[in-house]
Number of protein chains: 2
Amino acid sequence: MAAAFAAIGGKWKLTLLYWLGHGESHFAGLRRRSAPITPKVLAEQLRELEADGLVERVATGPVPAPVIYRLTPYGSTVLPVVEGVRVWGEEHLRRSPAAGTPMSCVNAIA
Amino acid sequence: MAAAFAAIGGKWKLTLLYWLGHGESHFAGLRRRSAPITPKVLAEQLRELEADGLVERVATGPVPAPVIYRLTPYGSTVLPVVEGVRVWGEEHLRRSPAAGTPMSCVNAIA
DNA sequence: CTGTATCCGTGCCGATACTG
DNA sequence: CAGTATCGGCACGGATACAG
């Protein structure tokens, strides 16, 4: 429980994993899709995901060239979990629409 | 995503839901099983879970009498999600045993 | 036994600005 | 484009003590 939470418990990690589950992406792409995340936080969360072996960075050439982020095979194993959370979250929204707004830590709509 | 995180993203909520999924329990029982949670935080998290309709309090008599907490029918719908997270967390522990110790927010072993 | 009150530390996140 | 640097805030969680 706690271990899982440590790996995917960041504010944006589920969102990032969700988008990466839809295909690899570069920094700016993730930033756009996960707005309004700041570059600093995005870099932090990506580095943590990378440290946990869920995500890998692949450089595509000499700078300036987009750096691609993609799920590792291991990272793909969380997708069902992420999807489960997402689906339940939608149900929860339908049940109590207020859930989307009043929270402080709720900005991303994945 | 964000809505789900708001509902179950507290530090102890997954753990509490897990235990409650194993049967209703009283305050002290939850406190013991979720050690080292403090009474203040336990009360907070339970109240939030209650506000989200996942958990209900039932008084069993005049004080001093144990107050029972149990999942609502709606609360039961998160159990699959919780279980998914838990199972993945175990896998993750096996893969990187370090995940259990270095994190700051990792005390509960559910 | 079931909580509440008070105080406090800090982890997490954010804004802004800057660099290769 | 892909980040890093610096600074700051504040909500969240925690310790301890007390109360019905």
Side-chain angles (χ1 to χ4, degrees), chain A residues 1-2 5-16 19-20 24-52 55-70 101-108 110, chain B residues 1-2 5-16 19-20 24-52 55-70 101-108 110:
Chain A
M1 210 89 199
F5 207 78
I8 63 178
K11 178 170 170 182
W12 302 95
K13 289 185 184 173
L14 286 175
T15 301
L16 291 174
W19 288 120
L20 288 172
E24 58 193 35
S25 180
H26 51 144
F27 195 88
L30 289 170
R31 190 179 172 187
R32 217 175 347 99
R33 277 186 271 265
S34 308
I37 193 173
T38 62
K40 176 198 151 191
V41 174
L42 175 55
E44 279 174 5
Q45 305 261 310
L46 283 173
R47 261 186 276 114
E48 289 173 22
L49 288 172
E50 194 187 357
D52 281 324
V55 161
E56 63 184 353
R57 303 174 23 130
V58 329
T60 61
V63 287
V67 175
I68 295 300
Y69 291 90
R70 79 159 86 107
T101 41
M103 278 292 300
S104 63
C105 68
V106 176
N107 298 316
Chain B
M1 211 88 196
F5 208 77
I8 64 178
K11 178 169 171 183
W12 301 97
K13 288 185 184 175
L14 285 176
T15 302
L16 291 175
W19 288 122
L20 287 172
E24 58 193 35
S25 180
H26 49 149
F27 195 90
L30 289 170
R31 189 178 173 188
R32 219 178 340 102
R33 278 187 272 265
S34 307
I37 194 176
T38 63
K40 176 199 152 190
V41 175
L42 176 54
E44 279 173 4
Q45 306 262 309
L46 283 172
R47 260 185 277 113
E48 289 173 23
L49 289 172
E50 195 187 356
D52 281 324
V55 162
E56 61 184 354
R57 303 174 23 133
V58 328
T60 62
V63 288
V67 174
I68 294 303
Y69 290 90
R70 80 160 87 106
T101 40
M103 280 291 300
S104 62
C105 69
V106 178
N107 297 315

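As the structure is a prediction and not an experimental result, all values here were calculated from the model. We name chains A, B, ... by the order of the sequence lines, and we start the count at 1 in each one.
Under the side chain to side chain contact (heavy atoms under 4.5 Å, CB included) criterion, A43(A) pairs with F27(A), R47(A), sequence neighbours left out. Scanning for salt bridge (Lys or Arg N to Asp or Glu O under 4.0 Å) contacts around E50(A) gives an empty result, with sequence neighbours left out. R70(A) pairs by the salt bridge (Lys or Arg N to Asp or Glu O under 4.0 Å) definition with E24(A), E56(A), not counting sequence neighbours. Scored by the side chain to side chain donor-acceptor pair (under 3.5 Å) test, E44(A) finds no partners at all (sequence neighbours excluded).
Nearest-nucleotide positions on DNA chain C for V67(B) and P39(A) put V67(B) closer to the 5' end. Each of V41(B) and Y69(A) lies near DNA chain D, and the nucleotide nearest Y69(A) is the one positioned closer to the 5' end.
At whole-Å resolution of the value, NE2 in H26(A) and P in dG3(D) are 12 Å apart. When rounded to the nearest whole Å, the span between CG of L14(A) and P of dC13(C) equals 11 Å. Here the P atom of nucleotide dC12(C) and the CD1 atom of I8(A) are 15 Å apart, to the nearest Å. Atom NZ in K40(A) sits roughly 9 Å away from atom C1' in dC7(D) (whole-Å rounding). The separation between E44(A) atom CD and dG14(C) atom C1' is 10 Å, rounded to whole Å. The separation between L42(B) atom CG and dG14(D) atom P is 11 Å, rounded to whole Å. For K11(A) and dG14(C), the NZ to C1' distance is 8 Å, given to the nearest whole Å. Between the CG atom of L49(B) and the C1' atom of dC12(D) there is a distance of 15 Å, given to the nearest Å.
Across all strands shown, R31(A) has no heavy atoms under 4.0 Å from either base or sugar-phosphate atoms. Within 4.0 Å of E48(B), counting heavy atoms only, lies no atom of the nucleic acid at all.
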Query - Secondary-structure notation, DNA chain C, from Watson-Crick and G-U pairs under 3.5 angstrom (| other strand) - result: ||||||||||||||||||||
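Between R57(B) and dG3(C), a side-chain N or O to OP1/OP2 separation shorter than 4.0 Å is present. Considering only side-chain N and O atoms, Q45(B) lies under 4.0 angstrom from the phosphate OP1 or OP2 of dG13(D).
Within the model, atoms CG of L46(B) and CH2 of W12(B) stand 12.5 Å from one another, a figure rounded to the nearest 0.5 Å.
Put simply, the side chain of L42(A) reaches to within 4.5 Å of the side chain of L16(A), judged on heavy atoms. S34(A) places a side-chain heavy atom less than 4.5 Å from the side chain of W19(A).
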